[in-house]
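For reference, the structure discussed in these notes is given below.
Throughout, protein chains are lettered first and strands after them, A, B, ... in sequence-line order, and every chain is numbered starting at 1. The analysis underlying the following values was restricted to heavy atoms, covering all of them including side chains, and did not include hydrogens, waters or symmetry mates.
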Amino acid sequence: MKSLDGKVKKEKENGFASPPHVKSEPEDDFYHSPRHEKSLKRERDDDNDSEFKPKKIKTENDKKAKKRKPEEVSKGHEQNAGLCFISSPICFGKRGAPEELGKLKWEEERYTDGSKWKFLEHKGPVFAPPYEPIPSNVKFFYDGKHMKLSPGAEEVATFFAKMLDHEYTTKDIFRKNFFKDWKKEMTAEERAKITDLKKCDFTEMSEYFKAQSEARKAMTKDEKLKIKAENERLLQEYGFCIMDNHRERIANFRIEPPGLFRGRGDHPKMGMLKRRIRPQDIIINCSKDSKHPEPPPGTKWKEVRHDNKVTWLVSWTENIQGSIKYIMLNPSSRIKGEKDWQKYETARRLKKCVDRIRTQYREDWKSKEMRIRQRAVALYFIDKLALRAGNEKEEGETADTVGCCSLRVEHIKLYPENEGLEYVVEFDFLGKDSIRYYNKVPVEKRVFKNLQLFMENKEPDDDLFDRLNTSVLNKHLQELMDGLTAKVFRTYNASITLQQQLKVLTSADENIPAKILSYNRANRAVAILCNHQRAPPKTFEKSMQNLQAKIDAKRDQLSDAKRELKSSKADAKVRRDEKSKKAVETKKKAVQRIEEQLMKLEVQATDREENKQIALGTSKLNYLDPRISVAWCKKWGIPVEKIYNKTQREKFAWAIDMADDDFEF
DNA sequence: CCTTAGACTTAGCAAATCACTT
DNA sequence: AAGTGATTTGCTAAGTCTAAGG
C-alpha cells in the first residue's frame, strides 16, 4: 500500500527525471545561503559542516559593517519578536541592556575548534521527590497474611502496585525481573519469607494510589493553582540556563524518578528496577567562570567538569543498560536550532547529488564484489523505502528489532510474481520501538536477483547483508558526499516528498480548512513513507461517532436555514420593503455560514479517519524542513499557527523568520 | 582494524492541560 | 461547575553516528 501509492508519486519528483533545482539564490558547493542571506549569510553561510568552516566567523567589525542593511529593515524582519534566535535577557528575567542582549542568536559567534559554548551556567537538576511511605493502614499481604515491609522493599513494591492494571505485570519476564530486583531491596528476613511473587497481594496499595489520584483530580481550584505556581517557580529557577549570553530553556531538568523499567516491545529487561539517582551519581558540566550549581545540603556531586566540547549540562549513568543520560537544552535553543538547520542543509546538499548517487548504486548492483552489491542494494532500500541504517545490537540486552543493515533473511520474502507485479519483495520486521514494518514492493530485476543471491544457503536468522554494516555503509556515503550518512536519506526523502505533495495537493481555489487538509495529507504521505505509526486512540470510534453526529446536526441546521431563506425570499417578493430585503440578506449569510461550518466538519472527519493509525508529529518535528511549511503558509496566506502550535513555532523560529514564500528545499 | 563509550536525534505513549459542552 | 474529548507537553526509551580505546 505504502509503496504503491506513496511511492509512485514520489519518484516523479524525486527520481532521475527531475532536474536539479536552480534557485534564485546563488549556490555554490559549500555554502548555502539561507534566506535573508544578506543579513545572515556572512556568519552562517557555513551552515553545513563545521569541519569546513572558516575560522570563527564574526568579528566586531564584520558585524557592524554588515549589520542590517536598510532594505532589510524595510522588510521589517528584525523587528519581529519571533525572529529566530532572539536572546532573552540574560539576567533571569531582569531587563538587561536590551540593545546588546536583543540580538539574534544567529549573529553570535560560531566556533571552529569544536567548542559548543564559552559560558555556561545553570542550577543543576531537580531530583525526584523522596519516597513517601504509605500509611500503615494500607497493607501488603503475603500468602494471605499481612506483612509490614521495610521502607526499601515497600518502595519497590509500590512501583509494582502502581502498574497492576497494566498488562505487562502479567508477563513472565517482567515478573521475573521485577522479583529478582525487588528481593535485592528486601531485608534478609523479608527475603527469606517472600519467595513467590504469586503469593504477593498488592491490591490495597494499588487501591490506595488510585484513590490518591482521584483525590488529586478532586482538589479545589485553589490547591491546584498553588501547585501550578510551585511548578512555575521550579521552572523559573531550574528550567533555564545561561549559555553564551542567552537565557535558554532546558529540555528536561528533572531527574528521572525511580521505577520499574518498561522497554518497548519484547524487552528482555522489562520489570527491572530503575534505581533512584542521587547527587553522587551526577556529573555537572558548566563553565569554570560560572556560578556552579550546589548539590543538596549534605551531598556531593560525582564530578563537576568544564567540557565545552559538549552541549549537556548534567549527566548520569542509568542502571538498566548502563548508558548515559543527559540534561540538555530545549529545541528552541540556539544550539539545537542551529544543528537542526544544519541537518536540513545537509539534506539539501544531498538533493543536488542524489541523481549521481542513484546512478552509482545501480551500477554497483552489477559489481563483482559481494560487499559492494550488498552495499548498493541496502542503499537502494534506504533511499527508496526510507529505512533506518540498522546498527547491530547486543543480543539479550534489547528487544529484537532491525533496520536496513541488520535485516535478516527471515525478514523478507521474494515473489518473482505477485498480484500481477514482477519481482516483489515483502518486508516484515520490527523496527525502532518494535513498530512493525510491513510492505510489499516491486523492485528492479537486478535487485531481486541480488537478493536471491544474498539469501542462498542461509538460515532464516542469518544476516541478509553479511558483508555490510552501518559503519561500512556510512564510510562509503561519506565519500560520496561530505556529511552524508544513512539517515540523511530519510530527511531528504521526507522533505522532498512534503514539498512535492504540497505542490500536487494544494489547489488555489480551496478555502483554508481544505488547504490545511491538503497539508495534512502531504504530511501523512511522509509519515507513511517513514512508517510513523501510532496505536489508534482508545476513544477513536466514539470520537468519530460524535463528529458524525455533529455533521448530521449541522446538515439539519442547514436545511432549516435554507427553508427559512426560501420563505423570507417569498416574503420579500410580496412585501417589497427594505426590512424584508434585509431579512433575506441575513438569511443568506446564515446559510453560507452554516455551509462553511459543515464543510469544515466534513473535512475534519476525513482528516481524522485518514489519520487513525498514523502519527504526523514525528515527521513534522524531525524530518520536514520547516521552511517548506512556512513557505507554503506564506504562499497561500495561511497563518503559520494553523500548522505549528506554540512549541513548534518556538522550535522552528529560525525557519519562520528565514523562509519566504519562494523557498525551495 | 574492531569494539565500546559517548553524545545527540528520533520515537510513541501517557499525563496534563485546554477548549468546549452541558 | 463539571464533564468530556482534543491537543499539548512531558517523559524517557531507542535509535544513529562519531570518537576513543585497545
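At least one side-chain nitrogen or oxygen of T485(A) sits closer than 4.0 Å to the OP1 or OP2 atom of dC17(C). Taking side-chain N and O atoms only, R490(A) has no distance below 4.0 Å to OP1 or OP2 of dG15(C). In this model, the phosphate group of dC2(B) is not approached by any side-chain N or O of S471(A) to a distance below 4.0 Å at OP1 or OP2. Between dT12(C) and Y326(A), no contact under 4.0 Å exists linking OP1 or OP2 to a side-chain N or O. Contact between the side-chain N/O atoms of K336(A) and the OP1/OP2 oxygens of dC8(B) is not found at any separation under 4.0 Å. Remark: S315(A) is not in phosphate contact with dA7(B), judged by side-chain N or O atoms under 4.0 Å from OP1 or OP2.
Residue-level contact check: K646(A) touches neither bases nor backbone, having no heavy atom under 4.0 Å from any strand. Counting any heavy atom pair closer than 4.0 Å across all strands shown, R216(A) reaches no nucleic acid atom. A486(A) comes within 4.0 angstrom of the backbone, heavy atoms only, and of no base. Across all strands, K274(A) comes closer than 4.0 Å only to sugar-phosphate atoms, never to a base (heavy-atom distances). Backbone-only contact: G431(A) has heavy atoms under 4.0 Å from sugar-phosphate atoms and none from a base. Residue I435(A) is in sugar-phosphate contact alone, with no base atom involved, counting any heavy-atom pair closer than 4.0 Å across all strands shown. Residue-level contact check: T401(A) touches the backbone only, with heavy atoms under 4.0 Å from sugar-phosphate atoms and none from bases. Contacts of S323(A) with the nucleic acid, taken as non-hydrogen atoms under 4.0 Å apart, are absent. Nucleic acid contact for G390(A): sugar-phosphate only, since backbone atoms but no base atoms lie under 4.0 Å from a heavy atom of the residue. Residue K224(A) is out of contact with every strand shown, counting any heavy-atom pair closer than 4.0 Å.
Set against dC11(C), dC17(C), dT9(B), the side chain of R254(A) has dC11(C) as its closest nucleotide. Among the nucleotides dA11(B), dT9(B), dA14(C), the one closest to the side chain of F261(A) is dA14(C). Nearest to the side-chain atoms of R534(A) among the listed nucleotides dC13(B), dT9(B), dG15(C) stands dC13(B). With dA11(B), dC13(B), dT9(B) as the choices, the nucleotide that has an atom nearest any side-chain atom of A535(A) turns out to be dC13(B). With dT10(B), dG6(B), dA11(B) as the candidates, the nucleotide lying closest to the side chain of K343(A) is dT10(B). Taking every side-chain heavy atom of N391(A) into account, dT16(C) is the closest of dT16(C), dA13(C), dC8(B). In the set dC17(C), dA11(B), dA14(C), the nucleotide with an atom closest to the side chain of K487(A) is dC17(C). If you check dA13(C), dA14(C), dT18(C) against the side chain of Q321(A), the one that comes closest is dA14(C). With dA7(B), dT8(C), dG12(B) as the choices, the nucleotide that has an atom nearest any side-chain atom of H532(A) turns out to be dG12(B). Each of dT10(B), dT12(C), dG12(B) was ranked by its minimum atom distance to the side chain of K325(A); first place goes to dT12(C).
Nearest heavy-atom pair across V526(A) and L498(A) is CG2-N, 3.8 Å.
Positionally, the nearest nucleotide of DNA chain C for E318(A) lies more toward the 5' end than for the other of T470(A) and E318(A). Map W312(A) and E392(A) each onto its nearest nucleotide of DNA chain B; the residue landing nearer the 5' end is E392(A). Map K116(A) and T618(A) each onto its nearest nucleotide of DNA chain B; the residue landing nearer the 5' end is K116(A). Between Q648(A) and G403(A), the residue anchored closer to the 5' end of DNA chain C is Q648(A), taking for each the nucleotide with the nearest heavy atom.
Under the 3.5 Å distance criterion, the side-chain polar atoms of K651(A) are matched with a main-chain donor or acceptor of L621(A). N308(A) places a side-chain N or O within donor-acceptor distance of the main-chain N or O of W117(A), the cut-off being under 3.5 Å.
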_The test is side-chain contact (heavy atoms from CB on, under 4.5 Å); show your working for L387(A) and Y437(A) and say whether it passes._
CA-CA 9 Å; L387(A) 300 190; Y437(A) 183 93; 3.9 Å; yes
Evaluate side chain to side chain donor-acceptor pair (under 3.5 Å) for Y361(A) paired with D383(A), printing each intermediate quantity in order. CA-CA 10 Å; Y361(A) 69 58; D383(A) 184 22; 2.7 Å; yes
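Atom NZ of K612(A) is separated from atom P of dA6(C) by 14 Å (rounded to the nearest Å). The distance between atom NZ of K309(A) and atom P of dG6(B), rounded to the nearest whole Å, is 18 Å. Atoms CG (L621(A)) and P (dA11(B)) sit 10 Å apart, rounded to a whole Å. Counting to the nearest Å, the C1' atom of dA2(C) and the NZ atom of K217(A) are 13 Å from each other. In this structure, N622(A) places its CG atom 17 Å from P of dA14(C), rounding to the nearest Å. Taking atom CZ on R264(A) and atom P on dG15(C), their separation rounds to 9 Å, with Å as the unit. One interatomic measurement links the two molecules: CD1 of I382(A) to P of dC17(C), which rounds to 8 Å at whole-angstrom precision. As rounded to whole Å, 4 Å separates atom P of dG6(B) from atom CD1 of I324(A).
Interatomic distance, K269(A) NZ to D181(A) CG, rounded to the nearest 0.5 Å: 10.0 Å.
For Y644(A) and F652(A), the distance between ring centers is under 6.0 angstrom. Residues Y238(A) and H122(A) keep their aromatic ring centres 6.0 Å or farther apart.
At a cut-off of 3.5 angstrom, counting only N and O atoms as typed in the model, there is no donor on one side facing an acceptor on the other between the side-chain of K339(A) and the base of dT9(B).
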